[in-house]
Amino acid sequence: MKKLTFALLIALSAGSIAACSGEEKAMDNAAIEEVAEDQSENEETNEEETGEEGEAGTTTAEENTPEVSDIEMMHVHGLGFSGAGLYVPSHDGLKVFENGVWSEAAAEPHDYMGFVMVDDGFYSSGHPGPGSSLKNPFGVVKTTDMGQNLEMLDLYQEVDFHGMAVGYNSHAIYVINPQANSRMDDIGLYYSTDDAETWTKSEMTDLQGPIFSIAAHPTNDAIVALGTSEGVFLSNDFGETFESVSDSPTTAVTFSPAGDLVAGSVSGEVTLTIFDSETNEPQLISIPELNEENTIGYIAVNPQDENQITFTTVEKDMYMTKDSGGNWSQIAEKGTGINLEAGTKQ
């Protein structure tokens, strides 16, 4: 029964991790929005009793002179920093936000899924772009030149991993496997510490709820975090066992360069929280106020400057701070990029 329960949880996970097609995306959003709706009645009751909404943990987006760009993101499949540039995988290739301006990456417009930036490039899964000579799906790929060339590591033409995490420095790979394949006998959580040469299945003991997000520690191969409908769960033994860090439904997780866990959750309101790597003590980061249906989908912390944080929502609104939440700038609205420098429309 225990094994069956975990198998069912993972089966749910496959539908909960960000999807590519319109129909799958709608299902994913519905699953996350349902988590938010579960919290709404309590907040409405509190508002009726107090006559006002709580303002803890929220701030307003910084006033700028924004300019709508030509960049449109049909879907958002992740976030990652490389130097001063923020890279956003979308349905039609990578979009780049750098020095306040949006642009298209020079590489082929592949539909990257499970996208994760690392110290010398990025890892991903997904599908080839229109006109590409590459086959579908990608399995696990790696690049050291921002997608100009892709190295097919494993499961090419077999699996599209929507849930994948890679350690920024360690390059330990974790995937939520959606189907049995030539390298993995079962669905579930698998990891590799040798660039996909070998894979090991994790037992995930004590994990609760369908999985919405996954993150790998930047330097410690054995540490992996999952965001589920039941909260934030952290493992120090390659996903064999998990401990609960928070019981707030969590739709996005990542790690800071120092190894602190960062989570986007919803429980009465949408929140962004950082958990101390030594004590797991939570600290709220002030963010612009979001409605409960517009939950956080992905988070990125700049490895070169941990004060610079970006998150995107399920409605494809995107915000960036350079001072750990003191001030925020909106850099995309409903998938349309916003240039923050006047006269720099691309």
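Keep in mind that the numbers below use all heavy atoms, side chains included, and drop hydrogens, waters and symmetry copies. None of these values were measured; they are calculated from a predicted model.
The OG1 atom of T251 sits 6.0 Å away from the CD1 atom of I296 when rounded to the nearest 0.5 Å. Separating the OG1 atom in T228 from the CD1 atom in I214 is a distance of 12.5 Å, to the nearest 0.5 Å. Here the straight-line distance linking atom OH of Y174 with atom CG of L226 works out to 10.0 Å at 0.5 Å rounding.
You'll find the side chain of Q308 reaches within 4.5 Å of the side chain of M320, heavy atoms only. Using a 4.5 Å heavy-atom threshold, the side chains of M318 and L79 count as touching. Considering only heavy atoms from C-beta on, Y168 stays 4.5 Å or farther from P257 through its side chain. Inter-residue side-chain proximity for M152 and L134 is flagged as met; some heavy-atom pair is nearer than 4.5 Å. Looking only at side-chain heavy atoms (C-beta outward), V266 and T271 stay at 4.5 Å or farther from each other.
Scored by the side-chain hydrogen bond (donor to acceptor under 3.5 Å, both in side chains) test, Q283 finds no partners at all (sequence neighbours excluded). Partners of D154 under the salt bridge (Lys or Arg N to Asp or Glu O under 4.0 Å) rule, at least two apart in sequence or in another chain, are R183. Listed by chain and number, the residues in a side-chain hydrogen bond (donor to acceptor under 3.5 Å, both in side chains) with T313 are N294 (sequence neighbours excluded). Scanning for side chain to side chain contact (heavy atoms under 4.5 Å, CB included) contacts around D195 gives Y123, K142, L153, I173, with sequence neighbours left out. Judged as a side chain to side chain contact (heavy atoms under 4.5 Å, CB included), and not counting sequence neighbours, the contacts of T336 are V68, E72. Judged as a side-chain hydrogen bond (donor to acceptor under 3.5 Å, both in side chains), and not counting sequence neighbours, the contacts of D260 are S277. Every residue was checked against the salt bridge (Lys or Arg N to Asp or Glu O under 4.0 Å) condition with D247, not counting sequence neighbours, and none meets it. The side-chain hydrogen bond (donor to acceptor under 3.5 Å, both in side chains) test applied to N291 returns no partner, not counting sequence neighbours.
Although no hydrogens or angles enter the test, the distance criterion places no donor-acceptor pair under 3.5 Å between the side chain of T250 and the main chain of S265. Formation of a donor-acceptor pair under 3.5 Å by the H127 side chain with backbone atoms of P137 is not found in this model. No donor-acceptor pair under 3.5 Å is formed between the side chain of S267 and the backbone N or O of S248. Looking only at distances, a side-chain donor or acceptor of Y156 sits under 3.5 Å from a matching main-chain atom of K135. A side-chain donor-acceptor contact under 3.5 Å links S125 to the backbone of G139. At distances below 3.5 Å, not a single donor-acceptor pair connects side-chain atoms of N339 with backbone N or O atoms of E341. No donor-acceptor pair closer than 3.5 Å links the side chain of T312 to the backbone N or O of Y298. At distances below 3.5 Å, not a single donor-acceptor pair connects side-chain atoms of N327 with backbone N or O atoms of T321. Without hydrogens or angle criteria, E203 side chain to T205 main chain gives no donor-acceptor distance under 3.5 Å. Under a 3.5 Å cut-off, the side chain of K316 and the backbone N or O of M74 do form a donor-acceptor pair.
Counting only residues at least two apart or on different chains, no salt bridge (Lys or Arg N to Asp or Glu O under 4.0 Å) pair has a member in residues 224-243. Sorted pairs that involve residues 322-333 and meet salt bridge (Lys or Arg N to Asp or Glu O under 4.0 Å), not counting sequence neighbours, are lacking altogether. A salt bridge (Lys or Arg N to Asp or Glu O under 4.0 Å) check over residues 274-283, counting only residues at least two apart or in different chains, returns nothing.
There is no path of hydrophobic side-chain contacts, each under 4.5 Å, that joins F138 to V118. Placement of L94 and M73 in two distinct hydrophobic clusters is found when ILVMFWY residues are connected by side-chain heavy-atom separations under 4.5 Å, directly or transitively. Taken together through direct or relayed side-chain contacts under 4.5 Å among Ile, Leu, Val, Met, Phe, Trp and Tyr, V232 and I211 form parts of separate hydrophobic clusters.
A side-chain donor from one of D111 and H77 sits under 3.5 Å from a side-chain acceptor of the other.
Residues F122 and Y112 bring their aromatic ring centres within 6.0 Å.
Nearest heavy atoms, I338 versus F97: O-CE1, 3.6 Å.
Under a cut-off of 6.0 angstrom, the local environment of NZ in K334 is crowded, with over 12 non-hydrogen atoms contributed by other residues, nucleotides or ligands.
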Would you please test S182 and L155 for side chain to side chain contact (heavy atoms under 4.5 Å, CB included) and show each step?
-> CA-CA 8 Å; S182 65; L155 292 164; 3.8 Å; yes

Identify all side-chain donor-acceptor contacts of residues 217-225 below 3.5 Å with residues at least two apart in sequence or on another chain.
from : atom 1 : to   : atom 2 : distance (Å)
H217 : ND1    : T219 : N      : 3.1
H217 : ND1    : T219 : OG1    : 3.4
H217 : ND1    : N220 : N      : 3.0
N220 : OD1    : A222 : N      : 3.0
D221 : OD1    : S170 : OG     : 3.4

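H75 and H91 have perpendicular rings, their planes meeting at more than 60° on a 0 to 90° scale where under 30° would count as parallel. Ring geometry for W199 against F161 counts as tilted: the plane angle lies between 30° and 60°, on a 0 to 90° scale.
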